[in-house]
Trainee: 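To start, I am sharing the structure in question, which I have written as structure tokens.
Letters A, B, ... are given to chains in the order of the sequence lines, protein chains preceding strands, and every chain is numbered from 1.
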Protein chains: 2
Amino acid sequence: MFSQAEENYLKTIYTLQNRRKTVINTNLIADKINTKASSVTDMIKKLSAKELLTYKKYKGVQLTEMGEKIALKVIRKHRLWEHFLVKKLNYSWDEVHDIAEQLEHIKSDTLIDNLESYLQFPKFDPHGDPIPDKDGKIILTKTVNLLNIKVGQKGTLDSLKDSSDVFLKYLNKKRLALRDQIKVIDIEPFDNSIHIETKTHQLVISKKVADNLNIKILR
Amino acid sequence: MFSQAEENYLKTIYTLQNRRKTVINTNLIADKINTKASSVTDMIKKLSAKELLTYKKYKGVQLTEMGEKIALKVIRKHRLWEHFLVKKLNYSWDEVHDIAEQLEHIKSDTLIDNLESYLQFPKFDPHGDPIPDKDGKIILTKTVNLLNIKVGQKGTLDSLKDSSDVFLKYLNKKRLALRDQIKVIDIEPFDNSIHIETKTHQLVISKKVADNLNIKILR
DNA sequence: AAATATATTTAGACTTATCTAAAAGTTAAT
DNA sequence: ATTAACTTTTAGATAAGTCTAAATATATTT
Ligand SMILES: [Mn+2]
Ligand SMILES: [Mn+2]
Ligand SMILES: [Mn+2]
Ligand SMILES: [Mn+2]
């Protein structure tokens with residue numbers, strides 16, 4: 001069994017590894033996990049001793065197969081609980097993350113599989129992120145950053161790079177939801193803002209917002 | 001906010017206070033919580049400083065109103081989660097306690113009330129224990145220990161003194177469930193064993209077993 | 001190749017919760 | 001009133017996880 005702290009480190013490292021393709025170093029982890037570099041050093045040593053990751057200084061960490069397996073288990077739990085909170089307890093997608101951060105650490109050999117079955121094996125969480133199955137297999141959808149879409153192209157909103165509640169609330173306000181169809185109408189060269197159109201309305205989004213929207217291209 | 005350890009002490013003290021009417025002293029708590037008397041001393045000091053309980057040595061502890069309120073909140077969470085696990089995830093009553101021990105510490109201002117509403121405001125947990133409402137109010141059912149029931153009297157199995165999985169599995173094996181009708185057929189003077197009859201079968205139970213069954217008398 | 005900027009580790013401290021072993025206090029028994 | 005039994009507290013350690021400040025190592029720039 002692993003402590004909550006250990007699980008959080010593994011999960012964070014996995015996510016960093018898959019989101020950014022850069023080197024995952026001490027400071028980056030410290031930043032994401034909201035702690036200090038010295039604390040990360042300590043934990044890296046511990047996880048390395050347990051062979052959950054390898055570490056070369058200045059070259060960053062790399063999860064071992066075992067480390068990745070554990071990370072995926074925690075992510076699976078997190079996302080299934082988020083799904084539960086939204087679908088069964090009527091939370092909205094911007095309210096569930098902090099509760100799932102706690103629920104993901106509940107220890108039981110059977111709980112999460114029973115929950116999954118109760119939820120009828122959902123494949124994605126409320127933020128469009130894929131839910132790893134029992135064996136850690138994960139569906140990868142081919143998506144493109146909205147920043148890289150040309151004028152006239154169409155797609156559907158598949159998932160988000162940033163799932164912070166601030167961003168989610170922004171999307172609520174702008175009436176943008178997962179699976180909405182989005183068409184790029186115009187790109188403003190001055191500030192890279194993007195004029196888009198959904199099935200119901202049009203709006204202009206900033207470069208920063210566009211960068212956080214992953215689009216599945218329709219052809 | 002209170003730590004898991006603090007919550008567990010408060011919950012345990014509350015339960016001891018309501019089950020046994022004796023003095024709740026350091027050793028008794030240590031025993032229940034599976035720790036050492038010296039650790040209990042430390043925690044008692046801490047909880048006393050926070051005015052969650054009062055303590056006079058050799059006279060035991062007493063929860064303050066605030067302490068009792070928190071204890072009831074934890075118990076409410078524990079029992080609602082147990083209900084969820086049995087009713088929604090199809091666990092049996094002997095499997096849920098350890099998971100609920102963890103779930104009862106999840107922090108959220110809304111989670112447990114939403115869960116309660118989703119479960120349609122159950123009044124009792126899978127072991128027959130009453131679920132405190134939002135305000136900490138708790139239904140008290142008048143029950144009698146099966147040991148105190150005379151030959152010929154009838155009642156229904158209302159709740160259990162001991163809800164350990166060993167005892168629950170014993171009840172499964174003997175086909176005794178909550179709300180079953182039970183009639184006392186005979187009491188053996190030699191060892192106080194009791195011959196009982198349900199709607200479906202007859203059996204003999206030991207004094208120890210009878211002592212753990214709370215019966216609601218039928219008249 | 002130095003100098004400077006970054007990244008990383010160490011040293012030492014702190015907090016929470018635990019433990020063992022010993023000391024001290026209270027109650028009960030003779 | 002002593003003694004014995006039990007309860008409680010203290011003292012000192014330990015473990016996990018965190019922190020700050022200082023030291024050290026590596027990378028980048030000049
Ligand atoms: Mn989340
Ligand atoms: Mn999510
Ligand atoms: Mn229980
Ligand atoms: Mn119960």
Trainee: Compute both the distance and the angle, then confirm whether K50(A) meets the cation-pi test with F2(A): under 6.0 Å from the six-membered ring centre, within 45 degrees of the axis.
Mentor: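 No, K50(A) does not sit over the ring of F2(A).
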Trainee: For DNA chain D, whose closest nucleotide is more 5', that of I44(B) or that of A37(A)?
Mentor: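 Whichever sits nearer the 5' end wins; that is I44(B).
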Trainee: Compare the minimum distances between each of dT26(D), dT18(C), dT9(C) and the side chain of T41(A), then state the nucleotide with the smallest one.
Mentor: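 The answer is dT9(C), which lies nearest to the side chain.
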Trainee: Using heavy-atom distances to pick each residue's nearest nucleotide on DNA chain D, tell me which of D42(A) and Y58(A) is more 5'.
Mentor: D42(A)
Trainee: In whole angstrom, what separates I29(B)'s CD1 from dT18(C)'s P?
Mentor: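 In whole Å, dT18(C) P lies 13 Å from I29(B) CD1.
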Trainee: Do R76(B) and E116(B) meet the salt-bridge criterion of a basic N to acidic O distance under 4.0 Å?
Mentor: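 Yes, charged N to carboxylate O under 4.0 Å.
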Trainee: Answer yes or no: does a side-chain N or O of S38(A) lie under 4.0 Å from OP1 or OP2 of dC19(D)?
Mentor: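 No, no such contact exists.
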Trainee: Between dT10(D), dT18(C), dT7(D), which nucleotide has the shortest distance from any of its atoms to the side chain of N25(B)?
Mentor: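 When the side chain of N25(B) is considered, dT7(D) is the closest of dT10(D), dT18(C), dT7(D).
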Trainee: Under 4.0 Å: is that the gap between some side-chain N or O of T35(A) and OP1 or OP2 of dC19(D)?
Mentor: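 Result: yes.
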Trainee: Find the distance F2(A):CZ to dA16(D):P and express it as a whole number of Å.
Mentor: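 Checked: the CZ to P distance equals 14 Å.
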Trainee: How many whole angstroms separate atom CG of N34(A) from atom P of dC19(D)?
Mentor: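 Rounded to whole Å, this separation is 9 Å.
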Trainee: What is the separation between atom CG on N8(A) and atom P on dA16(D), rounded to the nearest whole Å?
Mentor: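 From N8(A) CG to dA16(D) P: 17 Å.
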Trainee: Taking the six-membered ring of F84(A) as reference, does the cationic atom of K88(B) (NZ for Lys, CZ for Arg) lie under 6.0 Å from its centre and within 45° of its axis?
Mentor: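 Judged by the rule, K88(B) and F84(A) form no cation-pi pair.
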Trainee: Distance check: side-chain N/O of K57(B) vs OP1/OP2 of dT7(D), anything under 4.0 Å?
Mentor: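 K57(B) to dT7(D) OP1/OP2: no side-chain N or O under 4.0 Å.
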Trainee: What's the CG-C1' distance between N27(A) and dA27(D), to the nearest Å?
Mentor: 14 Å
Trainee: Just to be sure I understand the rule, does K45(A) reach a base, reach only the sugar-phosphate, or reach nothing, if contact means heavy atoms closer than 4.0 Å?
Mentor: sugar-phosphate
Trainee: dT18(C), OP1 or OP2 - any side-chain N/O from S39(B) closer than 4.0 Å?
Mentor: no
Trainee: Tell me: CE of M43(B) to P of dT8(D), nearest whole Å?
Mentor: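 The distance from CE of M43(B) to P of dT8(D) comes to 17 Å, rounded to the nearest Å.
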Trainee: Checking ring-ring contact (aromatic ring centres under 6.0 Å, His included) against H78(B), which of H127(B), H105(B), H97(B) comes through?
Mentor: H97(B)
Trainee: Would one find a side-chain N or O of Y9(A) under 4.0 angstrom from OP1 or OP2 of dT18(D)?
Mentor: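 So the side-chain polar atoms of Y9(A) do come within 4.0 Å of the phosphate oxygens OP1 or OP2 of dT18(D), strictly under.
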Trainee: Whole angstrom is fine here: how far is it from CG in D31(A) over to C1' in dA7(C)?
Mentor: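 One finds 14 Å between C1' of dA7(C) and CG of D31(A), rounded.
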Trainee: Answer yes or no: does a side-chain N or O of K59(B) lie under 4.0 Å from OP1 or OP2 of dT8(D)?
Mentor: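 Negative; the distance criterion is not met.
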Trainee: Once you round it to whole Å, what is the distance between P of dA7(C) and CD1 of I24(A)?
Mentor: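 To the nearest whole Å, that distance equals 14 Å.
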Trainee: Tell me if the CD atom of E51(A) is crowded by more than 12 foreign heavy atoms within 6.0 Å.
Mentor: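 Check fails, neighbour count at 12 or below.
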